[in-house]
Every structure is written in C-alpha cells, then in structure tokens.
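Here's the structure we're looking at; comments come further down.
Ligands are counted one by one from 1 in listed order, and the atoms in each one are counted from 1 as well.
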Amino acid sequence: MNEPDAPAPSSPAGFTGLLHAQRVWENELPSFDPAAAPDAPLPLFHTWFAEAVAAGQVEPHAMALATADADGLPDVRTLLLHGADGRGFHFASHATSAKGHQLAARPSAALGFY
Ligand SMILES: Cc1cc2nc3c(=O)[nH]c(=O)nc-3n(C[C@H](O)[C@H](O)[C@H](O)COP(=O)(O)O)c2cc1C
C-alpha cells in the first residue's frame, strides 16, 4: 500500500523514490583474485555458475545477450543459457528474430550474467 500522499509509482517522483529505496550490495560479493584464475575462461564460468546456484541466485542461467545491427546500433535482450562448452555459449532462438538478423550481419556478441 502507498502512503496517502506518496506520489504514484508510475509518476517520475514515485519511480525515483522507489528506485532510491532499493538496497544495494545487500549480499557480500565473493572476492576475485585474477592471478589465481585459470588460464581458460570456461572452467571459471562453470565455477562461478555453480557458486551462483549455491547462493540461491534466481534464474542464474538467465543472461543478457548484446548484439549490434548492420549499422552498428546496439541491442540487448534476456535469454536462457542452454550450454557452455568448448564450442561456446549455447542458446535457443529464431533465426528470423532481430537477434538472428543481427548475428547474421555481425557474428559477434557479448553476454552478461548476474
Ligand atoms: C527470463 C527470460 C528468458 C528468455 N529466454 C529466451 C530464450 O531462451 N530464447 C529466446 O529466443 N528468447 C527468450 N526470451 C525472450 C527474449 O528476451 C526476447 O524478447 C526475444 O527473444 C526477442 O528478441 P529480439 O527481438 O531482440 O531478437 C526470454 C525472455 C525472458 C524474460
């Protein structure tokens, strides 16, 4: 329930108030020593994924996939990871989607996991 005089959550002031009320760094992040990291990134990703699962992270296999279109304009969306192995990071989607067209034009992408 909102306070009677509180701005509506859909208003700019309501949004800003809600945004600033959110807690940050509530969970202590694990430390990371780059010098102790394995030479290849995949085992490190597998380890981090297991730690995210163990920590109770909601949908740890959800990831942001960033691509760029033929003009270089960026795009990003959420996908589910289907696998991560020596061939790369796997996801399922449609070749006719925006991301499908973008990857056909520019076969490079970035992934982000929380
Ligand atoms: C939690 C979550 C998981 C998703 N997983 C997939 C997925 O695995 N594959 C997919 O094509 N779209 C998935 N989507 C939908 C995409 O975010 C996106 O809306 C859709 O693929 C169209 O993207 P595009 O128009 O940029 O190509 C997911 C959305 C959410 C919220």
[X] side chain to [Y] main-chain N or O, any donor-acceptor pair under 3.5 Å?
X      : Y     : answer
Thr16  : Pro12 : yes
His101 : Thr96 : yes
Asp85  : Arg87 : yes
His46  : Ala84 : yes

What's the shortest distance from [atom] to any protein heavy atom, and which residue and atom give it?
atom                    : value
atom 12 (N) of ligand 1 : Leu79 CD2, 3.3 Å
atom 3 (C) of ligand 1  : Leu80 CG, 3.8 Å
atom 25 (O) of ligand 1 : Ala98 CB, 3.5 Å
atom 28 (C) of ligand 1 : Thr78 O, 3.1 Å
atom 11 (O) of ligand 1 : Ser93 OG, 2.6 Å
atom 21 (O) of ligand 1 : Lys99 NZ, 2.7 Å

Ala92 heavy atom under 4.0 Å from ligand 1:
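The answer is yes: ligand 1 sits under 4.0 Å from a heavy atom of Ala92.
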
Any protein heavy atom lying closer than 4.0 Å to atom 19 (O) of ligand 1?
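Protein heavy atoms within 4.0 Å of atom 19 (O) of ligand 1 - there are none.
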
Between Ser97 and Arg77, do the side chains contain a donor N or O and an acceptor N or O under 3.5 Å apart?
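The criterion, which ignores hydrogens and geometry beyond distance, is not satisfied for Ser97 and Arg77.
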
Give, for atom NE2 of His82 and atom CZ of Phe91, the distance between the pair rounded to the nearest 0.5 Å.
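That separation rounds to 9.5 Å.
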
Quick one: are the ring centres of Phe45 and Phe89 less than 6.0 Å apart?
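That pair passes the under 6.0 Å test.
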
As an exercise, identify every atom of ligand 1 less than 4.0 angstrom from a heavy atom of Ser97.
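Listed by number with element: 27 (O).
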
Does ligand 1 come near enough to Arg77 that some N or O of the ligand is less than 3.5 Å from an N or O of the residue?
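Yes, Arg77 has an N/O under 3.5 Å of an N/O on ligand 1.
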
